[in-house]
Amino acid sequence: MRGVFITFEGGEGAGKSTQVRRLALLLESYGLSVTVTREPGGTPLAEAIRGLILTHEAASEDGLTQALLFAAARRDHVLRVIRPALAAGHIVLCDRFADSTRAYQGSKMPEAELEQVIALGTDGLKPDLTFLLDLPPEVGLERARSRFTGVEDTFERSNLGFHREVRRRFLALAEAEPARFVHIDASRDEAHVAETIRSVVRAKFMAGQGDGER
Ligand code: Z5A
């Protein structure tokens, strides 16, 4: 039985990692097998590429260079982690995936070229469900700054205009694929966002199984 592939997308500080953790705990409490992973990253090679891309000194401004690096990391991640987990029947929760390339690199290169690179990286794999955690970038950046670790990465250093464009692109992606995307108001409190996500997952994948209203 193939598992279920769920991705979490959105701008900086939207609460993706927080909600991935919460949903994983909930699903595990139902006795389900869950694989939690993230992009860029998820394998030793992809984590090494992550380090290169997010280190400001090493980063390239060129959209195609960035997209190729994200795609190389993603291909390793898909082949070594995501596909095997799905084949084993796991629910895979991934913090960012190919839609992040569309949103972040999309303004820096032609769309047809971007989609070619994305197709190579994903190996044709598409999420079954994508949560777009949406909020104004000012709010997300403030949240991210409040847990500041001392070093800003390549994208955190981008100007507000760039982050607004990223949000616009995410919203356009969600509008274009309403069957896959669920738009979530990520400015609501953590528990409210978690409850919305829980109810969507339950309705889509657990209908008739009864989750005990936990
Ligand atoms: N990138 C790309 O350009 N192309 C690609 O193809 C891919 C990625 C895959 C990855 O950095 C960067 O790579 C990313 C896009 C680019 N750059 N940006 N910007 P990352 O993974 O390190 O960054 P991130 O994905 O933005 O992670 P993040 O900043 O940690 O955001 P988050 O996961 O959405 O948020 P969080 O860690 O769950 O929460 C942030 C803080 O807010 C934390 O203190 C929480 O306790 C708090 N929080 C969470 N939820 C709430 C609510 N609801 N209310 C109030 N406070 C909250």
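We're numbering straight along the sequence, starting at 1. Start at 1 and go down the list; that is how both ligands and their atoms are numbered.
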Practice task
Determine whether the side chains of Ser187 and Asp185 contain a donor N or O and an acceptor N or O closer than 3.5 Å.
Solution key: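 Asp185 and Ser187 do have a side-chain donor-acceptor pair below 3.5 Å.
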
Practice task
Indicate whether any N or O donor in one side chain lies under 3.5 Å from an N or O acceptor in the other, for Arg74 and Thr101.
Solution key: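 A donor-acceptor contact under 3.5 Å links the two side chains.
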
Exercise for the section: With Arg96 as the cation and Phe8 as the aromatic partner, state whether NZ or CZ is under 6.0 Å from the six-membered ring centre and within 45° of the axis. Expected result: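 No.
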
Exercise for the section: State the atoms of ligand 1, each with its element, that fall below the 4.0 Å cut-off from a heavy-atom position in Gln105. Expected result: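 Near Gln105, the atoms of ligand 1 are 2 (C), 3 (O), 4 (N), 5 (C), 6 (O).
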
Problem - Atoms in ligand 1 with a heavy atom of Glu190 nearer than 4.0 Å - result: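 Taking each heavy atom of Glu190 in turn, ligand 1 has 52 (C), 53 (N) under 4.0 Å.
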
Handout entry: Residue portion contacting ligand 1 (non-hydrogen atoms closer than 4.0 Å) for Arg74
Key =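 For Arg74, the contact with ligand 1 is made by the side chain alone.
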
Exercise for the section: Check Arg50 against ligand 1 and report side chain, backbone, both or neither, counting heavy atoms closer than 4.0 Å. Expected result: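 Side chain only.
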
Look at [atom] and say which protein heavy atom is nearest, naming residue and atom and giving the distance to 0.1 Å.
atom	result
atom 8 (C) of ligand 1	Phe70 CE2, 3.5 Å
atom 43 (C) of ligand 1	Arg147 CG, 4.2 Å
atom 33 (O) of ligand 1	Ser17 OG, 2.5 Å
atom 24 (P) of ligand 1	Arg96 NH2, 3.5 Å
atom 53 (N) of ligand 1	Arg188 O, 2.9 Å
atom 27 (O) of ligand 1	Lys16 NZ, 4.2 Å
atom 19 (N) of ligand 1	Glu12 OE1, 2.5 Å
atom 47 (C) of ligand 1	Arg143 CD, 4.3 Å

Between [X] and ligand 1, is there a nitrogen or oxygen pair with a distance under 3.5 Å?
X	value
Ala14	yes
Glu39	no
Arg21	no
Leu54	no
Val193	no
His163	no
Ser146	no

State whether [X] and [Y] are salt-bridged, where the test is any N-O pair (Lys NZ or Arg NE/NH1/NH2 against Asp/Glu carboxylate O) under 4.0 Å.
X	Y	value
Arg22	Glu190	yes
Lys108	Glu165	no
Arg143	Glu12	no

Handout entry: Under 3.5 Å donor-acceptor, Glu9 side chain and Thr130 backbone
Key =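 Absent.
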
Exercise for the section: Determine yes or no for a side-chain-to-main-chain donor-acceptor pair under 3.5 angstrom, with Asp128 supplying the side chain and Ile6 the backbone. Expected result: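 Not at all, since once roles are kept as given, no pair shorter than 3.5 Å links the two residues.
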
Handout entry: Spatial distance of atom CZ (Arg21) from atom CG (Leu26) [nearest 0.5 Å]
Key =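 Atom-to-atom, Arg21:CZ and Leu26:CG are 15.0 Å apart.
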
Problem - Derivation of the side chain to side chain contact (heavy atoms under 4.5 Å, CB included) call for Val78 and Phe97 - result: CA-CA 10 Å; Val78 167; Phe97 193 62; 3.9 Å; yes

Handout entry: ligand 1 contact by Gly13, heavy-atom criterion under 4.0 angstrom
Key =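 Yes; Gly13 lies near enough to ligand 1 that a heavy-atom distance drops under 4.0 Å.
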
Exercise for the section: Would you check, one step at a time, whether the test side chain to side chain contact (heavy atoms under 4.5 Å, CB included) holds for Phe131 with Thr7? Expected result: CA-CA 6 Å; Phe131 288 107; Thr7 58; over 6 Å; no

Handout entry: side chain to side chain contact (heavy atoms under 4.5 Å, CB included) evaluation trace for Leu141 with Leu160
Key = CA-CA 9 Å; Leu141 289 167; Leu160 194 56; 3.9 Å; yes

Practice task
Tell me which one of Thr7, Thr18, Asp95 gets a heavy atom nearest to atom 46 (O) of ligand 1.
Solution key: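 Going through Thr7, Thr18, Asp95 one by one, Thr18 has the nearest heavy atom to atom 46 (O) of ligand 1.
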
Practice task
Check the surroundings of atom CZ in Arg80: do more than 12 heavy atoms from other residues, nucleotides or ligands lie under 6.0 Å from it?
Solution key: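 Not more than 12 within 6.0 Å, no.
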
